[in-house]
Amino acid sequence: MSIEKSGSGLGRRDLLKLSAAAGAVVAGASLIGQKPVFAADEELSLKGKRIAISATGTDHFFDLQAYNAQIEEVKRLGGEPIAVDAGRNDGKLVSQLQTLIAQKPDAIVQILGTLSVIDPWLKKARDAGIPVLTVDVGSTNSINNTTSDNWGIGKDLALQLVSDIGGEGNIVVFNGFYGVTPCAIRYDQLVNVVKYFPKVKILQPELRDVIPNTVQDAFTQITAILNKYPEKGSIKAIWSAWDIPQLGATQALAAAGRTEIRTYGVDGSPEVLQLIADPNSPAGADVAQQPAEIGRTAIRNVAKLLAGQTLPRETYVPALLANKTNVGEVTKKLGIG
């Protein structure tokens with residue numbers, strides 16, 4: 001069973017133009033790799049404040065970078081961080097949120113998490129009078145959510161994929177974390193783009209990526225898919241909402257000699273960007289986020305809130321689309337290459 005929609009009438013040249021324009025928009029959004037400090041930010045302080053930082057896990061590059069940056073930023077602004085890491089265990093995450101609420105910190109910042117699991121506890125914190133801010137969590141109980149523009153990320157990555165495969169072919173999709181807001185948005189944007197290209201089909205059933213053992217599991221699942229579709233050209237691309245499944249998928253393609261298939265993901269993990277930089281690797285593109293800057297921004301927003309400033313519902317930190325052509329420039333801007 002595949003997704004089949006009405007046609008768009010766009011040719012390969014149009015696709016390439018769309019993809020290039022998308023990349024230009026993302027790249028032009030900010031001077032990535034720099035840390036702009038505004039006059040108002042220089043006056044921010046968390047002196048005497050206890051700020052709770054709750055991480056769903058820190059085993060992924062994005063999570064660890066955001067978590068450590070938040071701890072450092074709280075200290076830099078004179079506050080006391082209360083940092084907890086649930087290690088990808090939902091039961092532990094709930095228990096830690098309960099404990100944090102009982103400690104009555106001046107604010108709680110939640111990093112990621114399945115909304116159905118964490119939202120009742122974010123509401124309890126709000127009801128207890130504790131300001132709740134989030135990173136990559138679309139909760140109505142959060143005063144402010146610091147994140148990348150995941151609508152733009154999803155669209156740009158999908159346009160790159162469709163352009164690279166010439167607007168036709170079967171694609172394999174990992175869709176195991178639709179309950180995580182950024183993953184859901186990126187997936188929905190992929191579907192929104194694909195529906196205008198009737199010759200692009202998402203193979204069913206979709207694959208479910210897992211945590212832990214994400215790389216190994218993706219490797220195993222893609223190996224099985226390749227055995228089911230042994231002919232070259234039967235699969236054109238593999239998409240995932242983050243880039244650790246992309247890493248396992250890329251390794252599986254290389255091991256099977258199916259490097260004509262391209263992989264696509266999100267986050268900008270250094271090991272994935274290195275694969276994109278390798279002309280012989282099937283890694284096609286990855287949208288690189290700025291997790292440390294996202295973490296710092298979330299804490300600065302806490303300081304602004306506690307100082308009486310009004311925050312927007314969401315704060316967006318720019319991301320960059322890295323592909324085979326521009327990956328060297330992107331890694332240089334991000335300061336990781």
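Below, each value reflects all heavy atoms present in this structure, side chains not excepted, and no hydrogens, waters or symmetry copies.
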Are the side chains of Ile238 and Leu207 in touch, meaning some heavy atoms are under 4.5 Å apart? no

Beyond-backbone contact of Phe174 with Gln221, side-chain heavy atoms, under 4.5 angstrom: yes

Between Leu311 and Leu133, is any pair of side-chain heavy atoms under 4.5 Å apart? yes

Distance (rounded to the nearest 0.5 Å) between Ile171 CD1 and Ile202 CD1: 4.5 Å

When you measure from the side chain of Ser148 to the backbone N and O of Ala319, does any donor-acceptor pair fall under 3.5 Å? no

Answer yes or no: is there an ion pair linking Arg296 with Glu293, defined by an N-O contact shorter than 4.0 Å? yes

Enumerate the salt bridge (Lys or Arg N to Asp or Glu O under 4.0 Å) contacts for residues 308-326, please, sequence neighbours excluded, ordered by first and then second residue. none

Contact list for residues 85-94, test salt bridge (Lys or Arg N to Asp or Glu O under 4.0 Å), sequence neighbours left out: Asp59-Arg88, Asp63-Arg88

Ile82 side chain reached by Gln103 side chain, heavy atoms, under 4.5 Å: yes

Is there side-chain contact between Asn192 and Lys155, with heavy atoms separated by less than 4.5 Å? no

Are the side chain of Asp136 and the backbone N or O of Thr147 linked by a donor-acceptor pair below 3.5 Å? no

Is a side-chain donor or acceptor of Thr220 paired with a backbone partner of Gln216 at a separation under 3.5 angstrom? yes

Once you round to the nearest 0.5 Å, how far does CD1 of Ile222 lie from CG of Asn227? 11.0 Å

Return the CD to OG1 distance between Gln251 and Thr263, rounded to the nearest 0.5 Å. 10.5 Å

Taking side chain as C-beta onward, heavy atoms only, is Val317 less than 4.5 Å from Gln289? no

Which residues satisfy the side chain to side chain contact (heavy atoms under 4.5 Å, CB included) test with Val84, sequence neighbours excluded? Ser54, Gln96, Leu100

Under 3.5 Å, side chain of Asn144 to main-chain N/O of Pro312, donor-acceptor pair present? yes

Could you walk me through whether Val193 and Leu159 pass the side-chain contact (heavy atoms from CB on, under 4.5 Å) test, one step at a time? CA-CA 7 Å; Val193 169; Leu159 286 172; 4.1 Å; yes

Do Tyr187 and Glu206 have side-chain N/O donor and acceptor atoms under 3.5 Å apart? yes

Taking only residues two or more places apart in sequence or in another chain, which ones pass side chain to side chain donor-acceptor pair (under 3.5 Å) with Trp242? Asp209

Answer yes or no: is there a donor N or O on one side and an acceptor on the other, between the side chain of Ser281 and the main chain of Asp278, under 3.5 Å? no

Tyr178 and Asp188: side-chain donor and acceptor closer than 3.5 Å? yes

Sub-3.5 Å donor-acceptor pair from the side chain of Ser269 to the main-chain atoms of Phe61, do we have one? no

Closer than 3.5 angstrom, by distance alone: can the side chain of Gln246 be matched with the main-chain N or O of Ala285 as a donor-acceptor pair? yes

Listing request: all salt bridge (Lys or Arg N to Asp or Glu O under 4.0 Å) pairs with a residue in residues 256-272, at least two apart in sequence or in separate chains. Arg258-Glu260

Short N-O contact, Lys123 and Asp127, less than 4.0 angstrom: yes

Using distance alone, with no hydrogens and no angle criterion, decide if Glu72 and Asn68 have a side-chain donor and acceptor under 3.5 Å apart. no

Please confirm whether the backbone N or O of Trp151 pairs with a side-chain atom of Gln189, one donor and one acceptor, at under 3.5 Å? yes

To the nearest 0.5 Å, tell me how far Leu190 CG sits from Ile153 CD1. 14.0 Å

Selection residues 44-54 - residue pairs positive for salt bridge (Lys or Arg N to Asp or Glu O under 4.0 Å), sequence neighbours left out: none

Does the side-chain contact (heavy atoms from CB on, under 4.5 Å) test come out yes or no for Tyr196 and Val162, once each step is laid out? CA-CA 10 Å; Tyr196 292 101; Val162 171; over 6 Å; no

If we ignore hydrogens and angles and just use 3.5 Å, is the side chain of Lys236 paired with the main-chain N or O of Gly233 as donor and acceptor? no

Does Thr315 use its side chain to pair, donor to acceptor, with the backbone of Thr146 at less than 3.5 Å? no

Drop me the distance from Ile51's CD1 to Leu77's CG, to the nearest 0.5 angstrom. 9.5 Å

Please report the interatomic distance OG1(Thr56) to CG(Leu112), rounded to the nearest 0.5 Å. 5.5 Å

Is there side-chain contact between Thr250 and Leu253, with heavy atoms separated by less than 4.5 Å? no

Can you tell if the side chain of Ser139 reaches within under 4.5 Å of the side chain of Asn145, non-hydrogen atoms only? no

